[in-house]
Amino acid sequence: MREISDYGIIGDLRSVALIGRDGAVDWLCLPDLDSPACFAALLGDERHGRWRLAPSGAGDGTSRRYRDGTLILETEWRVEGGAVRVVDFMTPRDREPNLIRIVEGLAGSVRMSMELIPRFDYGAIVPWVTASGSRIRAIAGPDALVLDTPVEVRHGDPASPGALRAEFTVSAGDRVPFVLGYHRSHQPMPGLVDAEAGLSRTAGFWRDWVARTTYAGPWDEPVQRSLITLKALTYAPTGAIAAAATTSLPEQLGGGRNWDYRFCWLRDATLTLQALLGTGYVEEARAWREWLVRAAAGDPADLQIMYGLDGRRRLPEYELDWLPGFGGSRPVRVGNGASGQLQIDVWGETLQAAHAAREAGLEADDDAWRLQRELLDFLEGHWDDLDNGLWEVRGPRRAFVHSRVMAWAGVDSAVRAVRDYGLEGHGERWAALRDRIHADVCARGYDADRNTFTQFYGSKGVDAALLLMGHTGFLSWKDPRMVGTIEAVQRELSVDGMLLRYLTDADGGVDGLPGDEGVFVICTFWLVDALHGIGREKEATALFERLLDLRNDLGLLSEEYDMRAGRQLGNMPQAFSHLGLVNSALRLSGSTGSRAGRHLGTAEREE
């Protein structure tokens with residue numbers, strides 16, 4: 001059975017392909033990451049579209065790796081008669097997207113097989129395939145793919161409509177290119193692409209980008225790979241960063257907790273800025289801040305928790321009933337109904353991120369401050385509304401403690417903007433609101449008998465998001481209530497040392513969904529930070545090292561992990577998980593002493 005960890009990624013800063021150990025591209029959405037997939041075998045099988053290139057009759061590759069400092073994936077097979085390598089990459093996009101595969105003969109002589117099965121609209125549409133000289137085009141509706149290769153390609157098999165196949169032999173020293181391009185069907189076919197020149201340009205792009213990092217610490221390799229992964233999830237035209245490259249990879253194998261994560265969440269804002277600014281990527285941080293301001297513009301009452309990569313608001317959720325799902329995990333969903341939920345924390349997180357960017361040295365923006373004031377006006381009247389919370393529960397709305405802590409953090413950032421930067425605003429009024437929220441949370445969200453804050457007012461459960469109270473400065477790490485909360489979260493949510501988000505069956509089933517889930521990777525990174533905050537540095541470092549072991553062989557993390565079965569769960573790769581890795585590495589390395597790091601969620605409450 002396939003595992004989520006079997007996949008590596010390549011990308012061109014507008015879309016991402018997932019490639020398995022067996023040399024099959026099982027997931028690719030074109031022209032953009034959130035477009036319908038033309039290869040959807042990830043959520044079904046080869047009938048739903050894939051592109052496999054491997055030695056004839058061979059299974060998984062013998063080994064694979066990324067070229068140092070790049071997003072160029074190399075998979076090798078050592079088989080009877082010789083050895084071969086397949087080099088996979090997507091060139092950083094100028095115009096049309098290209099996925100390029102180069103077969104390298106390493107030793108002896110190897111018989112190779114190529115099978116390309118294009119299926120548009122998530123495997124639902126079989127294209128019409130035609131040949132024009134050596135070029136082969138698959139076309140249906142608005143979409144068209146073009147394959148260029150010197151190898152003779154067969155098509156027209158009635159048993160497999162639209163499939164393209166080839167067999168060829170590679171000897172030591174041979175290099176055989178395959179270039180798959182995409183274009184809108186009403187436009188002319190794109191020009192020929194030089195695969196070797198594309199490889200050189202792609203390697204140069206990634207190595208130049210990696211060379212800009214300012215991080216230097218004991219975890220250079222995992223931090224670098226996480227930063228490359230985050231860059232791969234970036235949508236270059238707008239600066240948005242997708243939460244993940246996939247939809248509907250399950251949180252429980254065979255279960256129904258399957259969601260589309262190919263969108264941009266506002267709550268990632270502060271974590272993203274911390275990771276980018278803390279590692280020297282100021283331009284990416286600026287682009288992200290500008291996307292944030294554009295997406296949040298408008299009536300502050302209409303602020304959403306997530307947006308499309310281009311900033312669009314409507315993300316209707318529907319099911320693809322022809323896809324059986326990964327490992328039989330149904331339904332397969334496209335869009336995300338949580339986009340219409342009320343989550344009060346995003347107002348606070350947006351305000352905090354905007355202030356963090358200001359304190360980190362990004363140039364002042366009058367429009368950004370005007371937007372922040374409008375968000376504050378809304379928050380002033382709605383901070384105590386019941387909401388769906390950080391984890392987008394689909395049960396009843398509650399008075400979630402994390403939501404109100406983040407409302408406090410947003411107001412606190414406005415008070416500091418007026419005090420420290422002389423910006424025009426109601427500093428005294430906002431300070432009084434900040435103190436009122438703080439007092440309310442401490443009185444109603446804290447269980448004195450157990451010495452812990454709770455998931456929501458009146459709850460008996462705890463929530464890993466409570467660990468963020470120390471990051472915001474709501475309480476000092478040294479406050480006994482903070483220490484007690486960290487210990488309660490660690491005690492009650494731990495599975496073999498890793499953290500669940502919350503107990504799904506607590507308080508009668510808080511999230512309103514059946515089934516269970518794995519440990520949530522970023523929550524354990526938050527525990528690393530919290531343990532470090534309360535002075536348990538050795539324990540924090542040991543836990544961080546254990547988290548690194550959850551990565552697959554290419555250094556990639558999904559959203560969750562099944563500790564009992566030893567497998568990754570959820571969408572892949574997950575930006576939240578890689579953000580957690582980078583930020584914890586910065587903290588443990590002492591790299592948050594920079595101007596950027598000091599002001600990104602590390603302040604303590606002024607008593």
Side-chain angles (χ1 to χ4, degrees), residues 238-241 264-274 276-278 281-307 311 313 343-383 403-438 471-474 594-603 605-606:
T238 64
I241 298 178
C264 197
W265 269 253
L266 293 192
R267 74 164 44 86
D268 299 2
T270 303
L271 291 171
T272 303
L273 284 170
Q274 182 177 356
L276 293 174
L277 290 169
Y281 290 104
V282 176
E283 290 305 315
E284 285 77 5
R286 181 178 291 110
W288 166 250
R289 193 273 305 270
E290 291 172 356
W291 179 90
L292 187 67
V293 170
R294 291 194 304 271
D299 186 342
D302 294 333
L303 191 69
Q304 294 186 183
I305 66 168
M306 71 181 83
Y307 295 84
R313 292 170 175 260
Q343 297 179 23
I344 295 297
D345 63 296
V346 299
W347 276 264
E349 283 149 350
T350 303
L351 287 163
Q352 189 185 40
H355 185 64
R358 181 184 302 113
E359 292 201 306
L362 294 186
E363 64 273 9
D365 187 324
D366 292 340
D367 289 337
W369 177 239
R370 186 159 51 250
L371 172 63
Q372 290 167 68
R373 292 191 58 172
E374 292 177 359
L375 295 175
L376 278 160
D377 288 342
F378 176 85
L379 200 55
E380 190 168 11
H382 296 274
W383 66 268
S403 294
R404 300 187 179 197
V405 167
M406 292 312 302
W408 175 91
V411 178
D412 178 64
S413 71
V415 171
R416 288 189 283 133
V418 172
R419 181 193 66 199
D420 299 340
Y421 290 87
L423 297 178
E424 183 180 353
H426 307 291
E428 292 185 4
R429 192 177 86 199
W430 293 338
L433 172 63
R434 176 190 63 182
D435 294 343
R436 187 160 70 250
I437 297 172
H438 195 278
H471 287 282
T472 64
F474 185 88
S594 66
R595 186 181 181 200
R598 286 199 308 272
H599 300 295
L600 288 161
T602 58
R605 175 168 167 75
E606 296 173 359

With a 4.5 Å cut-off on side-chain heavy atoms, are [Y] and [X] touching?
X	Y	answer
I437	V405	no
H438	R434	no
M406	R267	no
R358	L423	yes
R373	E424	yes
W408	S413	no
E359	D420	yes
Q304	L266	no

Chi angles and distances behind the side-chain contact (heavy atoms from CB on, under 4.5 Å) call for F378, D299
CA-CA 9 Å; F378 176 85; D299 186 342; 5.9 Å; no

From [X] atom [atom1] to [Y] atom [atom2], the distance as rounded to the nearest 0.5 Å:
X	Y	atom1	atom2	value
Q352	L273	CD	CG	10.0 Å
D377	Q372	CG	CD	12.0 Å
L376	W347	CG	CH2	12.5 Å
I305	I344	CD1	CD1	12.0 Å
L271	E349	CG	CD	8.0 Å
T272	I241	OG1	CD1	5.0 Å

Looking at every heavy atom in both [X] and [Y], which two are closest together, and how far apart are they?
X	Y	answer
A353	A269	CB-CB, 3.6 Å
P300	L375	CB-CD2, 3.9 Å
A296	L371	O-CD1, 3.6 Å
V415	G427	CG2-O, 4.2 Å
L379	A407	CD2-O, 3.7 Å

Start with the C-alpha distance between Q343 and W265, add both sets of side-chain angles, then the distance that settles side-chain contact (heavy atoms from CB on, under 4.5 Å), and finish with yes or no.
CA-CA 11 Å; Q343 297 179 23; W265 269 253; 5.7 Å; no

Between the main-chain N or O of M306 and the side-chain N or O of R313, is there a donor-acceptor pair closer than 3.5 Å?
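The answer is no, because no donor-acceptor pair under 3.5 Å joins these two groups.
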
Excluding sequence neighbours, so at least two apart, what forms side-chain hydrogen bond (donor to acceptor under 3.5 Å, both in side chains) with R436?
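Expected list: none.
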
Looking at D412 and R416, does any basic side-chain N land under 4.0 Å from a carboxylate oxygen?
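Yes, charged N to carboxylate O under 4.0 Å.
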
Take the angle between the ring planes of H426 and W430 and call it parallel below 30°, perpendicular above 60°, tilted in between.
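If you compare the ring of H426 with that of W430, the planes turn out perpendicular.
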
Can you label the angle between the Y307 ring and the W291 ring as parallel, tilted or perpendicular, going by 30° and 60°?
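Perpendicular, since the angle between the ring planes exceeds 60°.
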
